[in-house]
> 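Can you read through this structure? Questions will come right after.
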2 protein chains.
Amino acid sequence: MQESRDRYKAMVDKLKEHNHKLTPQRLAIIRILSESKEHPSVEDISRRLQRDFPGVSEATVYRNVLLIKSLGEVLEIGFAGESTHYDGRKPHPHPHIVCIKCRKIIDPDLQSLKEMVEEITEESGFEVVTYRLDFFGICPGCRTMNA
Amino acid sequence: MQESRDRYKAMVDKLKEHNHKLTPQRLAIIRILSESKEHPSVEDISRRLQRDFPGVSEATVYRNVLLIKSLGEVLEIGFAGESTHYDGRKPHPHPHIVCIKCRKIIDPDLQSLKEMVEEITEESGFEVVTYRLDFFGICPGCRTMNA
DNA sequence: CCCTAAATAATATTTATTTGCATTTGTAAC
DNA sequence: GTTACAAATGCAAATAAATATTATTTAGGG
């Protein structure tokens, strides 16, 4: 998909810009990040990587994901209990809606978010830098299936 | 404070109701949970506990916090990187604002939350069951201090 | 092609949490 | 007040995720 290629290119450019080497492992990791819509964990990435690079170290995946995060090209999403997940397609904070039955995650567009940030600023005096918004519920599919 | 005592009593009642024994360690733990406004971690609780019970095992704290959580009397709040924190005063989901400088956590009252849930229901068809909302920013104190 | 800093693999370590097991202790019944 | 027994505790060892260490390899400029 075009979008995946754009993300891939953006990450490569950012790496070059900061004079980081383009190793095959690194490129494979950003390829996976740019193509994955399911918010993979380090373990997921590592597993997929084995196909092309049997024997990549998990530490390498950790280090690279961390590096790419520090460049602002991947979003870290830690759900309680599970290991941390990453979104390389939309690297900026955004709300999620997670289905507690099928685990599907969707990214809604919320008009009310802007208003909420304003309310926080007014009420608390905080300067909001970033946020983490996750709603958990039952998706339309699982609702009908179950009832 | 009255509120602390109410929370303490609610937790004791819930324990009795489910036929759990009221050991001194357990009572001390719920006392700390009911009095702490700062969302303590297991380690925090354990440290405070040493005052009254030199030698309480961390495992005991873990087990009790887990038990109390399973009774719905404490809210688990896991932030990336740090150990999990707990809120025994407001056991139901609520938004947080976290200062990224001093780590202070406050609980705002957001009018716009209801509206946001409505927007999600309409737009996505999800039935919202629970949520996790955290805003990160710089609190008024740290803003002036730093600039 | 050669050099050097950066990156990798493998291993060890740290930190948070959980579990197994022997011992102790609430608490309900006598 | 004793007794009985399941539940709770303490301790230590087991897991698990993430990070650090170090010797070796390699990307990429000159």
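As the structure is a computational prediction, the values presented were derived from the model and not from experiment. Naming convention: chains lettered A, B, ... in sequence-line order (proteins, then strands); numbering from 1 in each chain.
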> When you check every protein heavy atom under 4.0 Å of nucleotides 3-12 of chain D, what one-letter string (B, S, -) results, 5' to 3'?
---BBSBBB-
> Send over the distance from A/E58 CD to D/dA18 P, rounded to a whole Å.
9 Å
> What is the distance from OH of A/Y86 to P of D/dA17, rounded to the nearest Å?
13 Å
> Going by atom types only, do B/H96 and B/H94 share a side-chain donor-acceptor pair under 3.5 Å?
yes
> For B/L66, answer base if it contacts any base atom (sugar-phosphate contacts may also be present), sugar-phosphate if it contacts only those atoms, and nothing otherwise; contact means non-hydrogen atoms under 4.0 Å.
nothing
> State, to the nearest 10°, the angle formed by the axis through the first five base pairs of the helix from C/dC1-D/dG30 to C/dC30-D/dG1 and the axis through its last five.
30°
> What side-chain donor-acceptor pairs closer than 3.5 Å can you find for residues 19-26 of chain A, not counting sequence neighbours?
| from | atom 1 | to | atom 2 | distance (Å) |
| --- | --- | --- | --- | --- |
| A/T23 | OG1 | A/R26 | N | 3.1 |
| A/R26 | NE | A/N64 | OD1 | 2.6 |
| A/R26 | NH1 | A/K21 | O | 2.8 |
| A/R26 | NH2 | A/N64 | OD1 | 3.3 |

> Between atom CG in A/L27 and atom C1' in C/dA7, what is the gap in whole Å?
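Computing the A/L27:CG to C/dA7:C1' distance gives 12 Å.
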> Between P on C/dT17 and CG on B/D44, what's the gap in Å once rounded to a whole number?
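For the pair B/D44 CG and C/dT17 P, the rounded distance is 11 Å.
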> Just how far, in rounded Å, is C1' of C/dA9 from OH of A/Y62?
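Checked: the OH to C1' distance equals 16 Å.
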> Rounded off to whole Å, could you give me the CD-to-P distance for the A/E43 and D/dA18 pair?
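The answer, rounded to whole Å, is 10 Å.
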> Whole Å only: how far is the CD atom of B/E76 from the C1' atom of C/dT18?
14 Å
